[in-house]
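Chain letters run A, B, ... following the sequence lines, proteins first, then strands; residues in each count from 1.
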Protein chains: 2
Amino acid sequence: MHEALRLYINKYTSSEISDADFETVKKAFTPKHFLKRQFFLQEGDVCKYTAFIVKGAMRQYSVINGVENIVSLGIENWWMSDRESYSMLTPSQYNIDAVEDCDVLLVGYEKMLPLAESIPLIARMITMMDQRHSIAMQKRIHNAISLTAEDRFLDLMKTNPVFLQRFPQNMIASYLGITPESLSRIRKKLAAK
Amino acid sequence: MHEALRLYINKYTSSEISDADFETVKKAFTPKHFLKRQFFLQEGDVCKYTAFIVKGAMRQYSVINGVENIVSLGIENWWMSDRESYSMLTPSQYNIDAVEDCDVLLVGYEKMLPLAESIPLIARMITMMDQRHSIAMQKRIHNAISLTAEDRFLDLMKTNPVFLQRFPQNMIASYLGITPESLSRIRKKLAAK
DNA sequence: ACACGTTCTTAACATTTGTCAATCGTACTT
DNA sequence: AAGTACGATTGACAAATGTTAAGAACGTGT
């Protein structure tokens with residue numbers, strides 16, 4: 001179960017974490033299973049944990065006038081949390097739930113901090129994660145303001161094709177900022193070529 | 001000139017940086033003046049510096065088919081850079097230029113790192129900046145996928161009204177992901193109320 | 001004062017996207 | 001196997017936004 005995290009650390013730091021250090025890391029992470037549709041975070045609650053997805057798929061979304069707006073999707077080897085709520089300890093405006101049954105590793109802020117301070121490799125991993133996250137968000141903003149819905153879908157097909165296998169189309173549509181009907185039409189149009 | 005930076009540090013760390021530490025910080029930052037329209041970063045170049053705006057206004061944008069897409073706007077006390085290019089040392093796809101004459105303080109990665117390592121207050125400031133930046137980007141993504149153009153404009157009026165004073169409307173429109181014509185119509189519609 | 005460039009607005013029209021309602025298919029439950 | 005819930009599709013229509021073109025308003029520099 002924790003092995004996936006070890007592989008993740010090694011990959012994104014381009015190093016090999018020692019057995020001793022990894023034992024320390026393991027102690028900070030709690031394994032947990034989520035059933036499909038089960039909430040990891042509900043609107044109004046403070047996000048006390050960050051989840052590392054070992055197996056399964058999750059989504060983060062707001063609900064406005066009964067409409068779900070998906071701001072992030074995650075599968076194996078992704079981290080899920082509402083960073084705003086997690087770091088500021090404020091009530092979240094988002095929900096996070098399991099789209100498939102999930103195995104995740106949970107870690108709280110108060111356990112993560114000492115890890116980062118005592119194990120340089122972990123500090124480096126966090127820096128890398130933050131960088132990647134920041135770059136991905138900037139790209140998403142750029143896509144949202146400069147591309148048509150069709151081009152955003154094509155970009156998703158290119159950069160995260162696996163999402164299309166793992167998430168139903170109404171979620172993909174929400175993630176792209178359009179209605180399921182629009183996505184259906186776009187797919188039809190693209191198929192005609 | 002550097003005084004604005006000192007105030008910024010104190011504000012966002014809720015502390016008072018010592019004279020000695022601030023002397024060290026000062027040495028790492030180079031003052032520079034930009035004329036209106038002058039480039040701080042051009043597409044294809046690596047973004048070697050982060051700019052702290054002491055006075056003036058800047059924008060970051062891509063150009064696609066001759067259309068400018070503004071991903072970020074900044075005024076006094078904001079930081080400007082292409083974080084992707086800055087941290088990965090890759091050629092940027094963005095331009096950054098001065099919308100008004102600007103006084104800025106420049107700092108390169110190789111000078112910022114030692115500062116963060118030797119002065120804990122600076123490390124904390126950077127953490128805070130990253131958090132705020134990350135939260136702002138998430139909010140922008142959420143706005144882009146869940147709000148209409150009109151609601152995005154209203155949100156901007158509420159959260160950054162000063163932008164409307166400092167940037168021409170075609171830039172505001174681009175920042176919102178719409179055409180200047182659309183923004184003009186939206187403003188007319190809102191004025192009618 | 002004048003000419004110029006830039007920004008903003010307006011109008012007509014095209015295109016994209018949303019809304020609503022109906023239908024179809026599929027998977028799951030019992 | 002029948003029933004049910006859910007997701008995907010389709011069509012007709014409405015609304016929002018983009019495109020193109022023209023002109024007005026404004027400021028700037030000479």
Side-chain angles (χ1 to χ4, degrees), chain A residues 35-38 57 59 61-70 73 97-101 142-157 163-193, chain B residues 35-38 56-57 59 61-70 73 95 97-101 142-157 163-193:
Chain A
L35 294 175
K36 184 171 173 174
R37 301 240 165 89
Q38 189 179 348
R59 63 180 177 147
Y61 59 102
S62 72
V63 180
I64 300 177
N65 299 332
V67 179
E68 297 175 350
N69 305 105
I70 297 181
L73 295 174
D97 66 13
V99 176
E100 306 169 357
D101 288 7
H142 186 249
N143 281 357
I145 67 169
S146 67
L147 300 184
T148 62
E150 180 175 330
D151 286 338
R152 294 201 299 279
F153 177 67
L154 287 171
D155 180 75
L156 183 65
M157 278 183 61
F163 279 8
L164 306 182
Q165 314 300 322
R166 298 290 289 275
F167 297 97
Q169 278 173 31
N170 58 28
M171 293 187 193
I172 298 290
S174 173
Y175 182 77
L176 293 173
I178 57 179
T179 59
E181 292 92 337
S182 280
L183 179 54
S184 185
R185 275 182 301 221
I186 288 169
R187 278 164 42 85
K188 187 179 181 182
K189 188 175 154 200
L190 289 175
K193 298 181 184 171
Chain B
L35 294 175
K36 185 172 173 174
R37 303 238 164 93
Q38 189 178 348
R59 63 179 176 147
Y61 59 101
S62 72
V63 180
I64 300 178
N65 300 332
V67 179
E68 298 175 350
N69 306 103
I70 297 181
L73 296 174
N95 303 281
D97 65 15
V99 176
E100 307 169 355
D101 288 6
H142 186 249
N143 282 357
I145 67 169
S146 68
L147 301 184
T148 62
E150 181 175 329
D151 287 338
R152 295 201 298 278
F153 177 65
L154 287 171
D155 181 74
L156 183 65
M157 277 181 62
F163 279 7
L164 306 182
Q165 315 300 323
R166 300 289 289 274
F167 298 97
Q169 278 172 30
N170 59 31
M171 293 187 193
I172 298 289
S174 173
Y175 182 77
L176 293 173
I178 57 179
T179 59
E181 293 88 343
S182 280
L183 180 54
S184 185
R185 274 183 300 219
I186 287 169
R187 279 164 41 85
K188 187 180 183 183
K189 188 177 156 197
L190 290 175
K193 299 182 181 172

Original post:
Under 3.5 Å, side chain of D101(B) to main-chain N/O of L35(B), donor-acceptor pair present?
Top reply: no
Original post:
Which angle, to the nearest 10 degrees, lies between the helix axes at the two ends of the helix from dA1(C)-dT30(D) to dT30(C)-dA1(D), each defined by five pairs?
Top reply: 40°
Subject >> Proximal nucleotide (of dG18(D), dG7(D), dT17(C)) relative to the P168(A) side chain >> reply: dG7(D)
Original post:
So which nucleotide from dA12(C), dC8(C), dT17(C) ends up closest to the side chain of N170(B)?
Top reply: dC8(C)
**OP:** Compare every heavy atom of S174(A) with every heavy atom of E68(A), then report the nearest pair and how far apart it is.
**Re:** O-OG, 3.0 Å
Original post:
Out of dG18(D), dT17(C), dT10(C), which nucleotide sits closest to the side chain of E181(B)?
Top reply: dT10(C)
Subject >> Nearest-Å distance for atom pair NZ/C1', residues K36(A) and dA5(D) >> reply: 12 Å
Original post:
From the list dG18(C), dC8(C), dT19(D), which nucleotide is the closest neighbour of the side chain of Q169(B)?
Top reply: dC8(C)
**OP:** Using only side-chain N and O atoms of T179(A), determine if any of them is under 4.0 Å from OP1 or OP2 of dT17(C).
**Re:** no
Original post:
To the nearest Å, how far apart are L147(A) CG and dT17(D) P?
Top reply: 17 Å
**OP:** Rounded to the nearest angstrom, tell me the gap between atom CD1 in I186(B) and atom P in dT9(C).
**Re:** 12 Å
**OP:** Whole angstrom is fine here: how far is it from CE in M171(A) over to P in dA8(D)?
**Re:** 9 Å
Original post:
With no angle test and no hydrogens, is the base of dG11(D) tied to the side chain of R185(A) by a donor-acceptor pair under 3.5 Å?
Top reply: no
Subject >> Selection from dT10(D), dG18(D), dA16(D) that lies nearest to any side-chain heavy atom of K188(A) >> reply: dT10(D)
Subject >> Separation of atom CG in L183(B) from atom P in dG18(D), rounded to whole Å >> reply: 10 Å
Subject >> Euclidean distance, E100(B) CD relative to F167(B) CZ, rounded to 0.5 Å >> reply: 7.0 Å
**OP:** Mind checking the CG-CG spacing from N143(A) to L176(A)? Nearest 0.5 Å is all I need.
**Re:** 9.5 Å
Original post:
Rounded to the nearest 0.5 Å, how far does CD1 of I172(B) lie from CE of M157(B)?
Top reply: 11.0 Å
Original post:
Can you tell me how far CD1 of I186(A) sits from CD of Q169(A), rounded to the nearest 0.5 angstrom?
Top reply: 11.0 Å
Original post:
Side chain of D97(A), backbone of Q38(A): donor and acceptor closer than 3.5 Å?
Top reply: no
Original post:
Side chains of S182(A) and R185(A): do they bring a donor and an acceptor to under 3.5 Å?
Top reply: yes
Subject >> Between P of dA11(C) and NZ of K189(B), the distance in whole Å >> reply: 16 Å
**OP:** Indicate, with a heavy-atom threshold strictly under 4.0 Å, whether R187(B) touches base, sugar-phosphate, or nothing.
**Re:** sugar-phosphate
Subject >> Nucleotide nearest S182(B) when distance is taken to its side chain, options dT10(C), dG18(D), dA8(D) >> reply: dG18(D)
Subject >> Distance in angstrom units between I172(B) CD1 and dT7(C) C1', rounded >> reply: 13 Å
**OP:** Between dT17(D), dT7(C), dA12(D), spot the one nearest the side chain of R37(B), thanks.
**Re:** dT7(C)
Subject >> d(CZ, F153(A); C1', dT16(C)) in whole Å >> reply: 17 Å
